[in-house]
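A short write-up of the structure that comes next.
Protein chains get the first letters and strands the later ones, always in sequence-line order, with residue 1 at the start of each. Basis for what follows: all heavy atoms, side chains included, without hydrogens, waters or symmetry-related copies.
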Protein chains: 4
Amino acid sequence: MLNEIKGLNEECGIFGVFNSPHANQLTYIGLHALQHRGQEGAGIVTVDDDHHFYQHRDRGLLSEVFKDSNDLHRLEGETAIGHVRYGTSGNNSIANVQPFLFKFNDGDLALAHNGNLTNAQSLKAQLENKGAVFQSNSDSEVLIHLIRQKHSMPFMDALKQSLNEIHGGFAFLILKRDALIAALDPNGIRPLCVGQLSNGAYVVASETCALDAVGATFVRDVQPGELIVIDHDGMHIDHYTTETQLAICSMEYIYFARPDSNIHGVNVHRARKRMGMQLAKEQPADADMVIGVPNSSLSAASGYAEAAHLPYEMGLIKNQYVARTFIEPTQELREQSVRMKLSAVSGVVKDKRIVVIDDSIVRGTTSIQLVKLLRNAGARKVHLRIASPPFRFPCFYGIDVSTRAELMAANHSIQEMQRLINVDSLGFLSVQGLIDSIAVPDAGTAPNRGLTVAYFTGKYPTPLYDYEAGYLKSLKQQRGMFDED
Amino acid sequence: MLNEIKGLNEECGIFGVFNSPHANQLTYIGLHALQHRGQEGAGIVTVDDDHHFYQHRDRGLLSEVFKDSNDLHRLEGETAIGHVRYGTSGNNSIANVQPFLFKFNDGDLALAHNGNLTNAQSLKAQLENKGAVFQSNSDSEVLIHLIRQKHSMPFMDALKQSLNEIHGGFAFLILKRDALIAALDPNGIRPLCVGQLSNGAYVVASETCALDAVGATFVRDVQPGELIVIDHDGMHIDHYTTETQLAICSMEYIYFARPDSNIHGVNVHRARKRMGMQLAKEQPADADMVIGVPNSSLSAASGYAEAAHLPYEMGLIKNQYVARTFIEPTQELREQSVRMKLSAVSGVVKDKRIVVIDDSIVRGTTSIQLVKLLRNAGARKVHLRIASPPFRFPCFYGIDVSTRAELMAANHSIQEMQRLINVDSLGFLSVQGLIDSIAVPDAGTAPNRGLTVAYFTGKYPTPLYDYEAGYLKSLKQQRGMFDED
Amino acid sequence: MLNEIKGLNEECGIFGVFNSPHANQLTYIGLHALQHRGQEGAGIVTVDDDHHFYQHRDRGLLSEVFKDSNDLHRLEGETAIGHVRYGTSGNNSIANVQPFLFKFNDGDLALAHNGNLTNAQSLKAQLENKGAVFQSNSDSEVLIHLIRQKHSMPFMDALKQSLNEIHGGFAFLILKRDALIAALDPNGIRPLCVGQLSNGAYVVASETCALDAVGATFVRDVQPGELIVIDHDGMHIDHYTTETQLAICSMEYIYFARPDSNIHGVNVHRARKRMGMQLAKEQPADADMVIGVPNSSLSAASGYAEAAHLPYEMGLIKNQYVARTFIEPTQELREQSVRMKLSAVSGVVKDKRIVVIDDSIVRGTTSIQLVKLLRNAGARKVHLRIASPPFRFPCFYGIDVSTRAELMAANHSIQEMQRLINVDSLGFLSVQGLIDSIAVPDAGTAPNRGLTVAYFTGKYPTPLYDYEAGYLKSLKQQRGMFDED
Amino acid sequence: MLNEIKGLNEECGIFGVFNSPHANQLTYIGLHALQHRGQEGAGIVTVDDDHHFYQHRDRGLLSEVFKDSNDLHRLEGETAIGHVRYGTSGNNSIANVQPFLFKFNDGDLALAHNGNLTNAQSLKAQLENKGAVFQSNSDSEVLIHLIRQKHSMPFMDALKQSLNEIHGGFAFLILKRDALIAALDPNGIRPLCVGQLSNGAYVVASETCALDAVGATFVRDVQPGELIVIDHDGMHIDHYTTETQLAICSMEYIYFARPDSNIHGVNVHRARKRMGMQLAKEQPADADMVIGVPNSSLSAASGYAEAAHLPYEMGLIKNQYVARTFIEPTQELREQSVRMKLSAVSGVVKDKRIVVIDDSIVRGTTSIQLVKLLRNAGARKVHLRIASPPFRFPCFYGIDVSTRAELMAANHSIQEMQRLINVDSLGFLSVQGLIDSIAVPDAGTAPNRGLTVAYFTGKYPTPLYDYEAGYLKSLKQQRGMFDED
């Protein structure tokens, strides 16, 4: 799917390595494998044996931030953390680009964060009343302030207590001069995993694809509520809370994560393929072929085709080169600028009845555009099948969907959507079908087999704190509205 | 396939538009759709009603060459031609970036060229003896010098005569102050097509995907030996020779062209899918799944899977972001830099018997690397199937394979290749299988159903002129060597 | 003088404008006039009527930071502050580039600072004990933390009390959503002035040259201990302390400020010219001509020439274009890289007895190099005259000379310096001569006629706080050492 | 003077070195010293022992063209030529950036040119009739075509004969695989000199400042009609014609050349100072001080001050940093953009009677602006004195003044100019005063003591060929018009 159009954006990818030669380059390679999680900013902080910290960060893609080899090579030391981020236009100042580096008389600290806190606003207000000064719009600063407020405590005690004060979805990497620390929220909403290089050094990353990229062996997924400390004595697995219950974000499987990543033992491509197969069972269509929306829906499309015994074809092409569009004075040229990103293959779809598989519908604008492309290319029938349930409730744990007003499925029935998108039929995967397709093996007795499916049900795995008041109330009403679907 | 690794590169893509508003932007959009044909240089030349020519060209991707909107907007006028090119490192000077603009007292001329001339060296030597001055390494300057040597003739006569003096594979766009001229070699080795915008203006492009990108309707493929003149009176189809015979480059279907393009009525994706289906028949394999090498082999892979009734899976992932690698001191980091471009999906291939479909083997280095990736990811068996015949003879018509010494299949038997690449079995599509899969409808009685398959057979559709002496002799010997395959 | 070589660097220039159309462009123009005060980073923060803050800042020259017109135009609002800074290599991270923007629930705040605090380290330690988090190496964050610690007080009270807690040399601009505030240290060590545009809007700037650049009329110099608030009711002049005594930095007149600026009523060029005239009286030389070291010593040189009745010639030329030097393998090429910045005019100096006027000697490396250039160009005699006293004691108020170890005059007698620099004679301006040449009119009864001359005498106008212990002790001993000069 | 405003631009600077280590870096350093002669494009071509040529050239300043050290380091070989150029907007295509590199089967050739040919149009027309193809707007290609037309002759014979066929002002550097060749026009209108490095290698440069920059010893000025060949046997001084007469461009002394350069034995700064002294005698003024327009008029201003026994002051300051101005919507901001480049020092000029020295008046726009600046800064009287005669006739030898219509002095009497510029008095140096101030020692019996003063007199030292018809006729009439001055 086209990030630019869809308006569904993962906030971040994080990577860390402790005590390995070429820590800067390994982190660069790891972040490159995580670039799909954020394209608006990137940075690396390293620390050397003399406890000197080095940083380089800026707006843009990794390849834009690290332009000269010197940008990377001057980051000395054998321990590093890095970050790639997505930023909404209003927040895209350099001040928000992570990792953050904090300067203390008793030693510097760096921080990289993926996720979103649900009580950040309250905590900020409390901290400001005590004199705290914030320089970014990011939630991520809050944790450091909480820790420093407990200045008289030993660091690890202060950290544990602070982690219990924040709520939401979070995966943190903290770089101290002598340790790399990873912490995950009590529901494990964001993915985080540990690997090991052939030289014995540990690496931590948002997804296993980054472990593969640096040639590390997978060690384990970080579990909810865990606090992992990697130092010169090795890896120490600790907890800051035992009140945990797995509720990993289902959108990671549906849309965000790279197909080659495994999350909690489930390969993302295979999960998507199963979603497509299940979708074929739940929502069959009378058609000549199946096509997927590149790139994130191709796995589900091949699954649908296989289960439906229909040919799997390439009916939409994504241009792999950056499309820099200049000022476009006319409506005609504006349409062409869409075609610069995505094109329909008339030689394939002409006069055919098509099933198009997409992973999700957020605002619906992409769906409208691609159906128009297919019809202009001569498709006779267009049946749209979505390999996830209708996206009706916002995410408060790190996906950028700020308001329900933007969600097409929150404001329209499926019949209305079919008409708006102008398709001959429209079908979604069921919530249970989704859960069964992913089938997290180590979910135990967790609800929804360890998945967060709140985007579809409105039933959030945690209290929503700052987002609760008023807002949630309206959610509850709307939840009723769609119960008949 | 990964261009960087494979060493098989198309020289160019060309685009032109006559007498339309936004000629500069249309050409930019058209070239963006042709960017896969050349990433090392790009340029646009326009001409306005006062016969003033404007140009902008530089090394790099289109988005790097046109950085500011002003780079594009200052190219005034309603007629334009553009060019994207691939350049070998030695030839990557700015002087070689097209379109070339020539300054004459009686009016400027611009030229964009896709292809390679086989008698350029002889012609250059003859022209230099008459005082000609060349500024680039490109063949493309030769045509203009030939025309200007016939200074006393009317331009069209001089052009026609000159086109009869050059040999090889060529598609030319010539921009005069009052006309856009397209010319194709007598075998139509390079693709070229004409479209029409809704405002009536004609566009010419290397592939139909560029017509789609600008919203033009397909009008016709330019035929071998044709000379098409577009001016204020419309489109005029002329010939500079009638001794023609279609021999379109089969590599366009196999590897170069975009899957959404149609060449001589054949959709490229569907041709590739048929190659995969045919390959499944000719070279079956006992396996659990089929995977393709992204991106160019995915169509063939899905065809193979369908015909073999095997699951089609995503076992290799191409990172869609530019991988800027810095100096790498160790072998270990060098391997990781391969993984920055391509990664194997262990969650898919682990413990499985895999059929990998690739479109071709050139030097073999990519094959070796990707097999290594798959084995490291746990694949139990790797069967490599190539959706084209062994690539044994160089192209002299515009694909960058300068010497046979680099072609793995020119120097090794299939058994040797299987061992070198370290696969459990290796199989290629037959030449006849390739020809039947493409099945150009309007080939008439042309040999090989209108395709150039010289890369596999060593039987070239034209004399080789400057390349003949000595070189061809050795080719002929080697051709014998592989007759038993 | 060549900044790169001399190692004497002003930390910053600041500019602000309240309630004027084109606030962003005016600030850009103002900063451009102050670029000589800092070339390593630049930024602008604006605020609009809806109290929305906009920022853009980065490393590099102003013209590098603001590359596209959009960088500037997206900074909306009619009120702005800006900053140019010099940064030592270790401190040259983006986190240190000002203005700083702080995010508070009760409204954002931006800050731009020129100067150096002498008790920043103690204050930081105290603040950190209360949980404060610092993100830069800069002193400038301290003030905001002090203010926010007094969260219950009204803002202006908190600000005044905080200004009384910090010590050193400082000029602050604070941007609130409804006011622009300027504050100067109790000794007025850094220059700061107020002007008024023809539309009535007030501007504040480090130097009057920035007022001229934006077409503002000079209103007044900010006085020691003043706190000036500019809001929709106009300009309010207030004090946060009355214990003030003017001690403006003499290096501003000698070297830093632009010749067209007036500081406390004294034009910088004319002050320099008087220094040159006085130097001619104090340190005459038997010579054929006078030359100045471009650009900062040209005024003094013309003054010396006039007073000595010697021709004023151009014997040294500074290349006005950036000299980007690449890796230089040999000593020979290294010398040429000096000549890329500065060259001696053999056609002027050959066989002549030269008086060279320089504004100061810091490390002495430049002096050594330029004398070598002059001798190579054929100068018969080189008499070096310095238009300021020997620079023996570091500045703690914002000039980057961190250690006395680097100061040539702190470690060598004048006789030794003459030998090291290889000149036929060497003479400095006396401290009294300097004071009389500048002659600040409104200094009242302040010591040294309102000037800080501690760099020459070691007698600082303020206690040194964090710099005192140990360090000052050694200073006092060395001060004795040079009493005989 | 401000190049941007004045509209008087030198076309080029050239530099070459034969058979020295670091030829690429030496050429870079040499071109950097010649950057004042052209800021719109730069390039270097080198040749190595294997006769392989390397080139890098682009639009922009040298520091923009050579951004990475690799841009320079990949230019291998011990022999090089380089070029910096000024280009009018219409001609600023990359195709016009020199050195040109021509590709021949019998060996490549590179060419760098400073000057302008007066019969280039006729020659181009003749060459085109023989089939020649030109790719740039530059005259410089003509020479190579002439040589190649004589393909059967030995190269040196062809070159000599070709040099006799071109007319105008020219200094050529030609790089062959085994020789560096320099040629100067029969009047020596453009400066060119030879130096020698300490390793014995010869260098050739437009000005001696470039010899100084690379540490070369001056050997000799190239003389009119000379053809100098530097090869492995040393330097050979030859002539292609003996019909020569020195007529060096007086504008080199007045405005273009760097003050530290010597041209035909005359130091440029000292010549300018003498012009200022002579001007004081010819055009005295009743004033309090003398100021110069930075940077090119400072020498003349100090001379005027010395001769007039008036103080020499700094009343105008040029901002040394690039002023990138963005879109300016109002007249007010437009004036400020002038102040970004130049500012008047009110602390110096307020209430004073000023003599302003400028080197020349071309279009007059700068003069008008700077007088306005001075009056706004409070100057009581402004007397403008120009250190050259009125500029009334265009240059056809390489200075960019295309039409007389733009020349203020060609269209207005001195009285009118005084009124337009709004000065209290206006005076110019006489032609004889100019000639005597420069006083070229080795001019022999050449008219005007070896100087071209046609810009002031309309009497050109050569026939004007292509420029003659019609145009010159009008010149002759106008020449009469000003005889009374």
Side-chain angles (χ1 to χ4, degrees), chain A residues 22 25-26 28-29 32-33 35-36 61-63 66-67 69 72-73 198 209 212-215 258-262 266-270 273 295 298-299 302 305-306 311-314 317 319-324 326-330 332-333 335-337 339-340 343-348 377, chain B residues 22 25-26 28-29 32-33 35-36 61-63 66-67 69 72-73 198 209 212-215 258-262 266-270 273 295 298-299 302 305-306 311-314 317 319-324 326-330 332-333 335-337 339-340 343-348 377:
Chain A
H22 313 303
Q25 295 196 49
L26 290 167
Y28 177 83
I29 292 169
H32 183 256
Q35 183 82 80
H36 62 287
L61 290 168
L62 196 69
S63 62
F66 291 89
K67 261 180 286 215
S69 63
L72 191 61
H73 290 149
S198 59
C209 65
D212 295 341
V214 299
R258 243 172 64 165
D260 51 337
S261 288
N262 301 326
V266 178
N267 171 255
V268 170
H269 157 71
R270 293 190 57 78
K273 190 156 181 190
N295 289 328
L298 298 182
S299 298
S302 72
E306 231 171 277
Y312 168 65
E313 300 288 348
M314 201 177 281
I317 300 279
N319 193 319
Q320 64 179 309
Y321 299 99
V322 174
R324 191 196 298 269
F326 298 112
I327 304 145
E328 294 121 16
T330 67
E332 196 179 26
L333 283 171
E335 283 192 18
Q336 282 148 16
S337 94
R339 285 196 210 101
M340 286 182 77
S343 60
V345 188
S346 62
V348 168
Chain B
H22 314 302
Q25 294 196 51
L26 290 168
Y28 177 82
I29 292 169
H32 183 257
Q35 182 82 81
H36 61 287
L61 290 167
L62 196 69
S63 61
F66 291 89
K67 263 179 288 215
S69 63
L72 192 58
H73 290 148
S198 60
C209 65
D212 295 340
V214 300
R258 245 173 63 166
D260 51 337
S261 288
N262 301 327
V266 178
N267 171 255
V268 170
H269 156 71
R270 293 189 58 78
K273 192 157 177 187
N295 287 330
L298 298 182
S299 298
S302 73
E306 231 171 277
Y312 168 65
E313 300 289 347
M314 200 176 282
I317 300 280
N319 193 318
Q320 65 179 306
Y321 299 99
V322 174
R324 189 195 298 267
F326 297 111
I327 304 145
E328 295 121 15
T330 67
E332 198 178 25
L333 283 171
E335 284 193 14
Q336 282 148 17
S337 93
R339 285 196 210 100
M340 288 182 77
S343 59
V345 188
S346 62
V348 167

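Looking at B:E306, the atoms closer than 4.5 Å to chain A (heavy atoms on both sides) all sit in the side chain, from C-beta outward. The contact between B:D260 and chain A is made by backbone and side chain atoms together, counting heavy-atom distances below 4.5 Å. Contact of B:S299 with chain A is made through backbone and side chain together, with heavy-atom distances under 4.5 Å. Only the side chain of A:S346 comes within less than 4.5 Å of a heavy atom of chain B; its backbone N, CA, C and O stay farther away.
The heavy-atom pair separating A:E313 from B:K273 by the smallest distance is OE2-NZ, 2.7 Å. B:G347 and A:R270 make their closest contact through O-CD, 3.3 Å (heavy atoms, listed as atom of the first residue, atom of the second, distance).
Considering CE of B:M314 and NE2 of A:H269, their distance stands at 6.0 Å, rounded to 0.5 Å.
Side chain of B:H36 to backbone of A:Y321: no donor-acceptor contact under 3.5 angstrom is found. Proximity of a side-chain donor or acceptor of A:D212 to a complementary backbone N or O of B:S343 within less than 3.5 Å is not detected.
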Give the intermediate values and the outcome of side chain to side chain contact (heavy atoms under 4.5 Å, CB included) for residues B:I29 and A:R339. CA-CA 9 Å; B:I29 292 169; A:R339 285 196 210 101; over 6 Å; no
